[in-house]
Structures are given as structure tokens and as C-alpha cells.
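Heads up: the structure comes next, in C-alpha cells.
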Amino acid sequence: MPHTPPMPHLPLIVGFEVPGPAAAAHDDVLVALLDAAPGADWLTQLSKHAADFKLRHGLKDVRCVGRHLCLVGPNQIVRGVVSAVRGFVDHLTIQVLAARIRRERGTPAQAGQAREWIDAQVAEQVEGVPQMLRAIHDLTGMRFTALSQVDQTHWNALAFYDQLDFGMAPGQKLELEVTICGDALKSREVIVFGAAADHPVYACSPLPALYGFKSYISVPILLEDDTVFGTVCALDAEARTVTPDMIQLIRAYARRIASQVEPAADRPVQAG
């Protein structure tokens with residue numbers, strides 16, 4: 001049997017070297033410390049997107065040297081760009097994973113009519129949620145994708161993309177105990193199955209049949225204090241093949257959302 005080479009590592013930020021305060025006009029270097037040196041695909045995405053990132057944030061240079069992502073610019077700018085750098089690294093990872101999944105799955109089928117909705121406050125606070133949910137649909141083949149906020153008792157819809165006629169109402173709340181996302185809240189782990197009937201736990205659960213789905217992915221959105229803000233989830237009425245790349249992709253989206261909702265996580269989100 002031929003040996004399949006391991007996929008190149010997709011880096012995660014494990015820390016920062018932040019310069020101390022200095023004169024506003026003084027250039028400094030912010031270093032994002034990566035857990036491993038990125039592969040060629042990730043570096044290719046960096047070269048494609050670095051110029052736009054520099055322009056949007058007033059930086060003079062963005063480059064990767066081994067495990068160090070170095071950002072050069074005026075002191076006050078580089079000291080204030082840490083959160084944006086986290087999102088940028090996840091954006092590059094998403095681009096790599098999306099390209100890889102497309103190569104494996106081929107061109108997705110033409111999308112049919114879909115219902116889309118997003119809470120007005122979330123649309124203002126988190127960039128690109130509708131595009132994210134459509135991308136998850138395209139890349140996984142699952143026809144219902146959603147962003148939620150959870151607390152100890154309820155699952156609250158914040159946005160969804162529905163090509164399945166799933167019947168979700170804008171801002172709908174569900175009792176957490178009758179959702180699989182409740183299990184994600186308790187475990188803080190990804191819950192995934194391509195076919196509920198084949199899963200050792202959910203084959204015996206009434207929930208897939210109750211809501212009418214066979215395949216499912218739920219990724220918790222973890223904040224820095226280890227609380228769960230909510231979930232990014234996808235499901236379908238048919239069994240689907242779920243690959244590790246798909247799970248990594250949704251993890252990266254969840255991290256990107258967490259970095260944007262963190263400052264306002266203690267404010268209730270109003271259904272719009």
C-alpha cells in the first residue's frame with residue numbers, strides 16, 4: 001500500500017513578543033510566535049495576502065522567518081495589532097484548507113435557493129459571517145450552517161445559511177438540553193459524525209431523528225478565559241463524508257469569531 005505523506009503543518013500562534021512603548025514615529029517589530037514552521041502552501045497564501053494586510057493596518061513589512069511571523073511598523077501600530085494578527089493567521093489557514101478541500105472534493109454543485117439571516121449586532125461586530133457560513137456549506141456539502149451563542153440553558157441562533165429548508169427562525173432559541181451543541185458546551189470539544197447511525201453515541205440518541213439530520217459538525221467557540229461563547233455548526237439530512245481538513249477549517253473560523261466577540265462577550269446579543 002503506498003504511503004501517504006503527512007499534510008504540511010498549519011501553524012497556530014502560541015505567543016507574542018510585543019515591543020515596549022516608544023515614540024509614535026519609531027518603527028518596531030511585533031513577533032507572533034508560531035508552534036511550528038509553516039509549510040509551502042501557507043507561505044504562498046502569506047505572500048498573496050500580506051500586501052493587503054499591511055495596507056489595512058499601516059504596517060511596513062510582514063514576513064515569516066522560521067517559526068516567527070514578524071510585523072514591522074510604527075510602535076503604536078504594531079502594539080495594537082495583536083488581535084488582527086491572530087485573525088490574519090487563521091485567515092491564511094482557512095485559505096489553505098479551502099483550497100485543499102476543493103482539490104479533494106472537486107467543484108461543488110451549484111447552490112440552490114437558500115434562506116440567510118444574521119443578527120444585526122453580530123453583523124456589525126464580526127466580519128464576514130454570511131460568507132463563512134456559505135463557505136462551510138460549499139466545502140462540506142452540508143446544507144444548513146449556523147452560528148450560535150449558548151448559555152447554561154439555551155442555544156440562541158445568531159446567523160444561519162439554510163438550503164435544507166430546516167425551518168430555523170431568526171433569533172430562535174432552543175433548550176440546550178435538547179441540542180447536541182449542549183454536549184459541545186459541556187465537553188468543549190468538537191462533535192462530528194458523517195452518519196449518525198454509525199456513531200457510538202449518537203446512533204442511540206433521539207436528537208438526530210428529532211431534528212431530521214444524519215451528518216453533523218459542531219465546533220465550540222472558546223474565549224480566552226475558557227468559557228464557551230457559542231458554536232459554529234453544520235448539518236445535513238443526508239450522510240456526508242467529513243474529513244480532518246473540514247474540521248480544521250471550522251476550528252479556524254471559530255477562532256476567528258472568538259477573537260472578534262471577545263471584547264463584547266459579556267454583552268447580551270439581541271435578536272434582530
Side-chain angles (χ1 to χ4, degrees), residues 87 94 108-185 190-192 196 206-223 227-238 240 246 249-272:
I94 288 165
Q110 185 69 30
Q113 187 173 4
R115 291 176 60 239
E116 294 184 84
W117 171 81
I118 182 170
D119 172 89
Q121 182 177 325
V122 173
E124 181 177 344
Q125 186 179 354
V126 184
E127 181 181 0
V129 171
Q131 294 86 344
M132 174 194 74
L133 297 181
R134 287 196 294 270
I136 294 172
H137 155 76
D138 291 344
L139 296 169
T140 66
M142 295 192 184
R143 290 171 289 172
F144 179 84
T145 59
L147 168 64
S148 77
Q149 186 174 20
V150 296
D151 56 31
Q152 294 302 316
T153 59
H154 287 88
W155 181 99
N156 180 25
L158 299 182
F160 59 74
Y161 176 91
D162 183 5
Q163 199 184 24
L164 190 61
D165 196 20
F166 191 58
M168 180 70 64
Q172 184 167 346
K173 288 189 176 184
L174 300 173
E175 294 285 340
L176 198 61
E177 290 301 319
V178 292
T179 69
I180 295 178
C181 286
D183 295 343
L185 174 63
V190 174
I191 295 176
V192 56
L207 295 178
L210 174 66
Y211 294 111
F213 60 83
K214 295 180 179 178
S215 50
Y216 181 84
I217 305 172
S218 179
V219 176
I221 301 169
L222 298 174
L223 304 182
T227 59
V228 180
F229 172 83
T231 60
V232 181
C233 62
L235 57 85
D236 199 87
E238 302 298 329
R240 301 291 182 193
M246 293 175 186
L249 176 84
I250 301 177
R251 280 186 184 274
Y253 277 128
R255 288 194 301 270
R256 195 164 79 176
I257 292 168
S259 71
Q260 295 180 70
V261 302
E262 184 91 47
D266 58 345
R267 296 203 306 264
V269 176
Q270 302 298 323

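Only a predicted model underlies this, so the values are computations on that prediction, with no experimental measurement involved.
- When every heavy atom of A234 is checked against every heavy atom of I136, the shortest pair comes out as CB-CG2, 4.0 Å.
- Contact check for V150 versus L176: side-chain heavy atoms found under the 4.5 Å cut-off.
- Taken to the nearest 0.5 Å, the CD atom of E177 stands 8.0 Å off from the OG1 atom of T179.
- Here Y211 pairs with nothing under the ring pair (Phe, Tyr, Trp, His ring centres under 6.0 Å) rule; sequence neighbours left out.
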Review point. Checking side chain to side chain contact (heavy atoms under 4.5 Å, CB included) for the pair I180/F213: CA distance, chi angles, key distance, verdict?
Key: CA-CA 12 Å; I180 295 178; F213 60 83; 3.7 Å; yes
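- With respect to R143, the side-chain contact (heavy atoms from CB on, under 4.5 Å) criterion is satisfied by exactly one of D165, L235, D162, D236: D236.
- Looking only at side-chain heavy atoms (C-beta outward), V219 and T231 stay at 4.5 Å or farther from each other.
- Looking at P220 and R251, their side chains never come closer than 4.5 Å, going by heavy atoms from C-beta outward.
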Review point. What's the verdict on side chain to side chain contact (heavy atoms under 4.5 Å, CB included) for V126 and M132, showing C-alpha distance, side-chain angles and the deciding distance?
Key: CA-CA 11 Å; V126 184; M132 174 194 74; over 6 Å; no
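- Atom NE2 of residue H137 and atom CG of residue L164 lie 10.5 Å apart, to the nearest 0.5 angstrom.
- Separating the CD atom in Q131 from the OH atom in Y253 is a distance of 9.0 Å, to the nearest 0.5 Å.
- The two residues N156 and G171 have their closest heavy-atom pair at OD1-O, 3.3 Å.
- Note that CE of M168 is 10.0 Å distant from CH2 of W117, once rounded to the nearest 0.5 Å.
- Looking at V228 and I221, their side chains never come closer than 4.5 Å, going by heavy atoms from C-beta outward.
- The 12-atom threshold is not exceeded at CD of E124, counting heavy atoms of other residues, nucleotides or ligands nearer than 6.0 Å.
- Here Q172 contributes atom CD and F160 contributes atom CZ; the two are 8.5 Å apart, rounded to the nearest 0.5 Å.
- Using a 4.5 Å heavy-atom threshold, the side chains of F144 and Q163 count as separate.
- Shown here for R240 and G141, the closest heavy-atom pair between the two residues is NE-O, 3.3 Å.
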Exercise for review: Quick one: do I191 and I217 satisfy side chain to side chain contact (heavy atoms under 4.5 Å, CB included)? Show the steps, please.
Suggested key: CA-CA 6 Å; I191 295 176; I217 305 172; over 6 Å; no
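- Judged by distance alone, with hydrogens and angles left aside, the side-chain atoms of H154 form no donor-acceptor pair with the main-chain N or O of K173 at under 3.5 Å.
- A donor-acceptor contact shorter than 3.5 Å is absent between the side chain of T227 and the backbone of L223.
- Expressed to the nearest 0.5 Å, how far CG of L222 lies from CD1 of I257 amounts to 12.0 Å.
- For the residue pair P130 and I118, the shortest heavy atom distance occurs at CD-CD1, 4.0 Å.
- Within 6.0 Å of atom CD in E127, 12 or fewer heavy atoms from other residues, nucleotides or ligands are found, so the atom counts as exposed in its surroundings.
- Between K214 and E238, the shortest heavy-atom distance links the atoms CB-C, 3.9 Å.
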Practice item. Show your reasoning for whether side chain to side chain contact (heavy atoms under 4.5 Å, CB included) applies to L207 and Y216. Key: CA-CA 11 Å; L207 295 178; Y216 181 84; over 6 Å; no
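- Nearest approach of R256 to G87, heavy atoms of both residues: CD-O, 4.1 Å.
- No donor-acceptor pair closer than 3.5 Å links the side chain of S148 to the backbone N or O of A157.
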